[in-house]
Peer 1: 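Input: one structure, supplied below.
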Amino acid sequence: VIASVVSSPAFITDTICPGNSTSLQVANPAAAQTYNWYDAASGGTLLATGTSFTTPVINTATTYFLQTDSSGCSSIPIPVTAEVYPTPGAPAVTSPVSICPNTSATLQVQNPVAGVTYTWHDAATGGNLLATGTSFNTTSFSADTAFYVMGTNSFGCTDTRAVINIIIYPPAAVPTVTSPVSICPNTSATLQVQNPAAGVTYTWFSAATGGTALGTGDVFTTTNLSSNSTYYVEASSAEGCISPSRA
């Protein structure tokens, strides 16, 4: 007696993002038939038996082979490919970014890709979602820190987060001055920064904070004075970072 020919089964598959597994299934399975899943068209390793097969985690499109057995006869193995969507790639960023203490930074994705959503985080994995968009304005801070940005494409696939390290420039030191300075009435005073540092700009004021700059340089000559007066000088580094206070 010649057994009837076993036809190759139909199947159902799905497309996934890299780093995931998926379930491959037989469409309309027959109760009297056995379904075997292999890793090669001939020979190879039997991976599973049943109407469905859950793949291991895969990162690229991978083909498996499904064969039907019935009454000792087998169908021709058919390829079943688990397709994998592309990822958006890690965002392009500029790092490190250097700022002065107690200031904020604007972080930017370089050449953002259309259709990709960018999210900003405070950790390389997990962490808190801080913002969404191609740029992110940080809060002010005074210590080195790092932020992370990730792209998600229209398939919902992500990639490695790019890191942007924030480096804090050191502020200029509070100027060293000689005080008090004594003069005769209706004469001017010459005020001077002691041991001025190279590359540092000194600015003079008549108020401890705010106010209008009266002059720039490590030496400042007042107008003629007829009463006691107080002046203040602050330092600004080559990077524009101002001393914590005025002398």
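Quantities reported herein were computed from a predicted structural model and do not represent experimental measurements.
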Peer 1: Between A105 and V97, which heavy-atom pair has the shortest distance, and what is it?
Peer 2: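 Of all heavy-atom pairs spanning A105 and V97, the closest is CB-CG1, 4.4 Å.
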Peer 1: Would you check if there is a donor-acceptor pair between the side chains of S140 and N102 at a distance under 3.5 Å?
Peer 2: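 N102 vs S140: no donor-acceptor pair found between side chains.
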Peer 1: I'd like to check W37 versus T49 (side-chain heavy atoms, cut-off strictly below 4.5 Å). Are they in contact?
Peer 2: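 When only atoms from C-beta onward are counted, T49 and W37 do not touch, as no gap falls below 4.5 Å.
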Peer 1: Can you tell me how far CG of L47 sits from CG of D39, rounded to the nearest 0.5 angstrom?
Peer 2: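 Here the rounded value is 5.0 Å.
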Peer 1: Could you verify whether a donor N or O on one side chain and an acceptor N or O on the other, from T87 and D159, lie under 3.5 Å apart?
Peer 2: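 D159 and T87 do have a side-chain donor-acceptor pair below 3.5 Å.
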Peer 1: Hey, mind stepping through F11 and Q25 against side-chain contact (heavy atoms from CB on, under 4.5 Å) and telling me if it holds?
Peer 2: CA-CA 6 Å; F11 59 87; Q25 299 179 3; over 6 Å; no
Peer 1: Report yes if some heavy atom in the side chain of I183 is under 4.5 Å from a heavy atom in the side chain of S188; otherwise report no.
Peer 2: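 The answer is no, as the side chains (C-beta and beyond) never meet within the 4.5 Å cut-off.
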Peer 1: Identify the two heavy atoms, one from P77 and one from F65, that lie closest to each other, and give their separation to 0.1 Å.
Peer 2: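 The answer is CB-CB, 4.3 Å.
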Peer 1: How many angstroms lie between CD1 in I242 and OG1 in T201, if you round to the nearest 0.5 Å?
Peer 2: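 Between I242 CD1 and T201 OG1, I get 10.0 Å after rounding to 0.5 Å.
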Peer 1: Kindly compute the distance separating OG1 (T221) from CG (L191), expressed to the nearest 0.5 Å.
Peer 2: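 T221 atom OG1 to L191 atom CG measures 7.5 Å (nearest 0.5 Å).
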Peer 1: Could I get the full list of salt bridge (Lys or Arg N to Asp or Glu O under 4.0 Å) partners for R161, not counting sequence neighbours?
Peer 2: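 Partners of R161 under the salt bridge (Lys or Arg N to Asp or Glu O under 4.0 Å) test: none.
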Peer 1: Which pair of heavy atoms, one from V26 and one from G50, lies closest together, and at what distance?
Peer 2: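 Taking V26 first and G50 second, the nearest heavy atoms are CG2-O, 4.5 Å.
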Peer 1: Given side-chain contact (heavy atoms from CB on, under 4.5 Å), test I166 with F141 step by step and report yes or no.
Peer 2: CA-CA 10 Å; I166 308 296; F141 47 91; 3.4 Å; yes
Peer 1: Once rounded to the nearest 0.5 Å, what's the spacing between atom CZ of F136 and atom NE2 of H121?
Peer 2: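 Reported to 0.5 Å precision, the distance equals 10.5 Å.
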Peer 1: What I want to check is whether the side chains of N224 and T187 have a donor and an acceptor closer together than 3.5 Å.
Peer 2: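 There is no such pair between these side chains.
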Peer 1: Between atom CG of N20 and atom CG of D14, what is the distance when rounded to the nearest 0.5 Å?
Peer 2: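 Here the rounded value is 10.5 Å.
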Peer 1: Please examine the side chains of W204 and V193, heavy atoms only from C-beta on, and report whether any two atoms are closer than 4.5 Å.
Peer 2: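 Yes. Closest side-chain heavy atoms under 4.5 Å.
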Peer 1: May I have the step-by-step check of side-chain contact (heavy atoms from CB on, under 4.5 Å) for D69 and Q33, ending in yes or no?
Peer 2: CA-CA 6 Å; D69 293 329; Q33 295 182 344; over 6 Å; no
Peer 1: Where is the tightest heavy-atom contact between P88 and C157, given as atom of each residue plus distance?
Peer 2: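 Shortest heavy-atom contact: CD-O, 3.3 Å.
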Peer 1: Could you state whether Y35 and V80 fall into the same hydrophobic cluster, counting links through intermediate Ile, Leu, Val, Met, Phe, Trp or Tyr residues with side-chain heavy atoms under 4.5 angstrom apart?
Peer 2: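 Same hydrophobic cluster.
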Peer 1: With a 6.0 Å cut-off on the ring centroids, do F205 and Y231 count as close?
Peer 2: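 When the ring centroids of F205 and Y231 are compared, they turn out to be at least 6.0 Å apart.
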Peer 1: Could you tell me whether the side chain of V84 reaches within less than 4.5 Å of the side chain of I58, counting heavy atoms only?
Peer 2: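 SC-SC contact between I58 and V84 confirmed.
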Peer 1: Are the aromatic rings of F155 and Y85 close, with centres under 6.0 Å apart?
Peer 2: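 Aromatic pair counts; centres sit under 6.0 Å.
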Peer 1: Can you confirm whether N36 sits close enough to F53 that some side-chain heavy atom of one is under 4.5 Å from a side-chain heavy atom of the other?
Peer 2: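 Side-chain contact under 4.5 Å: no.
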Peer 1: Given a cutoff of under 4.5 Å between side-chain heavy atoms of I, L, V, M, F, W and Y, with clusters grown through shared members, what are the other residues clustered with I76?
Peer 2: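 Same cluster as I76: nobody, lone residue.
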Peer 1: Can you hop from I167 to F147 via hydrophobic side chains spaced under 4.5 Å?
Peer 2: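 Per the 4.5 Å side-chain linkage, I167 and F147 are not co-clustered.
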Peer 1: Decide whether T81 and T63 meet the rule of one side-chain donor and one side-chain acceptor closer than 3.5 Å.
Peer 2: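 Yes - a donor-acceptor pair under 3.5 Å links their side chains.
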Peer 1: Examine distances only and state if a side-chain atom of S229 and a backbone atom of S227 form a donor-acceptor pair shorter than 3.5 Å.
Peer 2: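 Confirmed, S229 side chain pairs with S227 backbone.
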Peer 1: Are I78 and Y64 in one and the same hydrophobic cluster, where Ile, Leu, Val, Met, Phe, Trp and Tyr link if side-chain heavy atoms are under 4.5 Å apart?
Peer 2: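 I78 clusters together with Y64.
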Peer 1: Which heavy-atom pair separates V163 from A146 by the least distance, and what is that distance?
Peer 2: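 Between these two residues, the closest heavy atoms are CG2-CB, 4.0 Å.
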Peer 1: Are side-chain heavy atoms of S243 and P171 found at a separation under 4.5 Å?
Peer 2: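 A side-chain contact under 4.5 Å is absent here.
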Peer 1: Can you check side-chain contact (heavy atoms from CB on, under 4.5 Å) on V219 and T190, steps first, answer last?
Peer 2: CA-CA 7 Å; V219 177; T190 298; 3.6 Å; yes
Peer 1: Using a 4.5 Å cut-off on heavy atoms from C-beta on, say whether the side chain of V149 contacts that of T119.
Peer 2: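 Answer no - side chains too far apart.
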Peer 1: Which residues satisfy the side-chain hydrogen bond (donor to acceptor under 3.5 Å, both in side chains) test with S179, sequence neighbours excluded?
Peer 2: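 Residues passing side-chain hydrogen bond (donor to acceptor under 3.5 Å, both in side chains) with S179: none at all.
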Peer 1: Kindly give the heavy-atom pair with the smallest separation between R246 and A208, and that separation in Å.
Peer 2: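 Looking at all heavy atoms of both residues, the closest pair is CD-O, 3.1 Å.
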Peer 1: Roughly how far, to the nearest 0.5 Å, is the OG atom of S75 from the CG atom of L66?
Peer 2: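 The CG atom of L66 sits 6.5 Å away from the OG atom of S75.
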Peer 1: When you measure from the side chain of S237 to the backbone N and O of C241, does any donor-acceptor pair fall under 3.5 Å?
Peer 2: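 At least one qualifying donor-acceptor pair exists.
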Peer 1: Please check if the side chain of Y118 supplies one atom and the backbone of V113 the other of a donor-acceptor pair under 3.5 Å.
Peer 2: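 Pair found, side chain donor or acceptor close to backbone of V113.
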Peer 1: Does any non-hydrogen side-chain atom of V177 lie less than 4.5 Å from one of V233?
Peer 2: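 In contact.
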Peer 1: I164, M150: one ILVMFWY side-chain cluster at the under-4.5 Å cut-off?
Peer 2: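 Hydrophobic grouping puts I164 apart from M150.
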Peer 1: For I168, does its backbone N or O pair with a side-chain atom of D144 as donor and acceptor, under 3.5 Å?
Peer 2: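 Checked: pair present.
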